[in-house]
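Below is one structure, written out as structure tokens; comments come after it.
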Amino acid sequence: MPQDVHTYFQNKARENDALFQVEIDVTNQCNANCPFCFQGDHRTCADGELSLQQMIQLLDELREMGTFYIGFSGGEPFARKDFLEILREAKKRHFRVSLITNAMLLTKEKIDALADMNIDHINVSFHSVVLETYLKCFGIQEKNCYYKALENIQYMLQKNLSVGIAITVTKYNVEDIPATTKFFTDLGVKERDFGYNLLAKGRREINDLVPSKEQIAKNNAILTKSVDPQREESLICTAGTISCSIDAYGNVYPCTFFNTPAGNIHETPFQNIWKQSHLFKLIRSFQDSMFEKCSSCEIKKYCHICLVSNMNETGNVFKPSDIYCISRKARYGSCAQ
Amino acid sequence: MLNKEIVFGSVAGETMILNTKTGTYYTLNQQGTGIWNLYYKGKTIREIKQYYADLYPESAEAIDQDVDSFFAELKENHIITE
């Protein structure tokens with residue numbers, strides 16, 4: 001048995017087309033309006049969302065399939081009134097459970113509940129410690145949201161919850177990255193728990209928000225701190241091979257960025273979608289060698305091939321855009337030296 | 001009962017168990033995964049022994065010992081509570 005059990009099982013999942021990890025977007029409702037949001041326009045009501053019972057049924061099916069991780073997202077998941085119940089049901093089934101939230105809608109009582117149920121990790125989107133930039137990145141005007149989110153992060157850390165900070169890197173906040181990182185490091189967030197997400201096009205245009213390669217290179221030292229060391233497995237991301245996402249309406253996607261579902265669980269059992277959908281079979285047929293530019297790239301051991309970015313930006317699933325490559329080389333170039 | 005810090009997943013007949021409090025991983029082979037799945041679904045240790053004894057009647061004594069030993073190890077490693 002290899003020393004790294006986790007990597008062994010990830011690789012075994014890939015060899016067996018087994019579902020290792022799922023993202024469930026429990027709602028499309030959100031109290032924010034980020035200009036770069038991959039979900040596009042948000043809904044303000046819960047019509048059509050999977051009910052709690054349907055979520056429980058889905059969790060039972062995922063447990064039967066041997067899934068290890070579930071990551072919950074949205075919209076803003078706490079915009080859904082029964083989200084804590086969903087989390088409890090997931091923890092009762094002994095999944096490793098994480099969630100991503102803007103922390104603006106949390107209360108001390110809800111955080112106490114998260115601690116009691118032993119939630120494994122909470123990623124908080126907090127794009128800048130500078131108030132004006134924070135509000136701009138979230139597309140909101142209420143200053144209280146900033147202070148509320150900060151208060152909630154502090155309380156989570158006091159309760160010894162595992163907290164990460166997720167920063168989407170745009171031209172608005174890229175210069176604030178050192179200050180934001182230092183602020184949360186001083187509060188107690190571990191270095192490995194910072195996620196710096198370079199922009200990828202979802203349902204909104206992002207070209208005007210992308211930082212310049214000079215701006216990325218200037219912050220390269222921090223942006224590469226959370227980069228995984230050299231890896232042996234495929235260059236292609238895990239979407240559709242060992243992971244997938246399920247939206248609030250039961251649509252199943254290789255990942256949350258895809259705009260074409262592989263199926264819907266109201267029409268087809270989830271297991272059948274995972275095993276038999278043409279979209280998943282197509283993705284599983286891809287080999288690293290089909291991605292000519294990426295296979296010979298100097299940063300291939302750090303970068304991931306993103307099928308959605310390729311399709312959105314070049315129209316060719318096998319070809320990354322120049323913007324994608326420039327920003328990734330600015331970020332990972334020093335790792336490859 | 002599984003300890004609340006335990007999370008697990010299974011791939012192709014093998015199971016990976018993680019104690020999230022200690023960060024320790026454990027693995028179960030195919031036979032262990034079979035026992036684990038029965039236990040997770042609510043079978044008692046006695047029922048699990050009976051299940052395998054019915055499948056392999058000539059090995060009832062060995063099954064008894066193996067199942068006891070399996071659960072002793074799970075308890076020792078704080079994967080299950082008493």
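Letters A, B, ... mirror the listed sequences (proteins, then strands); counts begin at 1. Note that the structure is predicted; figures quoted are calculated from it, not measured.
Heavy-atom distances place the backbone of B/Thr15, and not its side chain, under 4.5 Å from chain A. With a 4.5 Å cut-off on non-hydrogen atoms, B/Phe8 touches chain A through its backbone and its side chain both. At a 4.5 Å heavy-atom cutoff, B/Asn29 makes no contact with chain A through either its backbone or its side chain. For A/Asp60, no part lies under 4.5 angstrom from a heavy atom of chain B. Contact annotation for B/Lys41: only side-chain heavy atoms (C-beta onward) come within less than 4.5 Å of a heavy atom of chain A. In this structure, no portion of A/Gln21 lies under 4.5 Å from any heavy atom of chain B. Using a 4.5 Å cut-off between heavy atoms, A/Arg63 contacts chain B through its side chain alone, with no backbone atom that close.
In this structure, B/Leu2 CG and A/Lys92 NZ are separated by 13.5 Å, a value rounded to the nearest 0.5 Å. Separating the CE atom in B/Met16 from the CZ atom in A/Arg96 is a distance of 9.5 Å, to the nearest 0.5 Å.
The environment of CD in B/Glu47 is crowded: more than 12 heavy-atom neighbours from other residues, nucleotides or ligands sit within 6.0 Å. For B/Glu73, the CD atom counts as loosely surrounded, since its 6.0 Å shell holds 12 or fewer non-hydrogen atoms of other residues, nucleotides or ligands. Summarising the local packing, CD of B/Glu58 is surrounded by more than 12 heavy atoms from other residues, nucleotides or ligands at distances under 6.0 Å. Sparse packing is recorded around NZ of B/Lys43, with 12 or fewer heavy atoms of other residues, nucleotides or ligands lying under 6.0 Å away.
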- Chi angles and distances behind the side chain to side chain contact (heavy atoms under 4.5 Å, CB included) call for B/Thr27, A/Phe9: CA-CA 10 Å; B/Thr27 56; A/Phe9 272 86; 3.6 Å; yes
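Side-chain atoms of A/Lys91 do not come within 3.5 Å of backbone N or O of B/Lys4 as any donor-acceptor pair.
What you find for B/Tyr40 and A/Arg93 is that their closest heavy atoms are OH-CA, 3.3 Å.
Each of A/Ile119, A/Val97, A/Asn118 was compared with B/Thr20 under the side chain to side chain contact (heavy atoms under 4.5 Å, CB included) criterion, and only A/Asn118 meets it.
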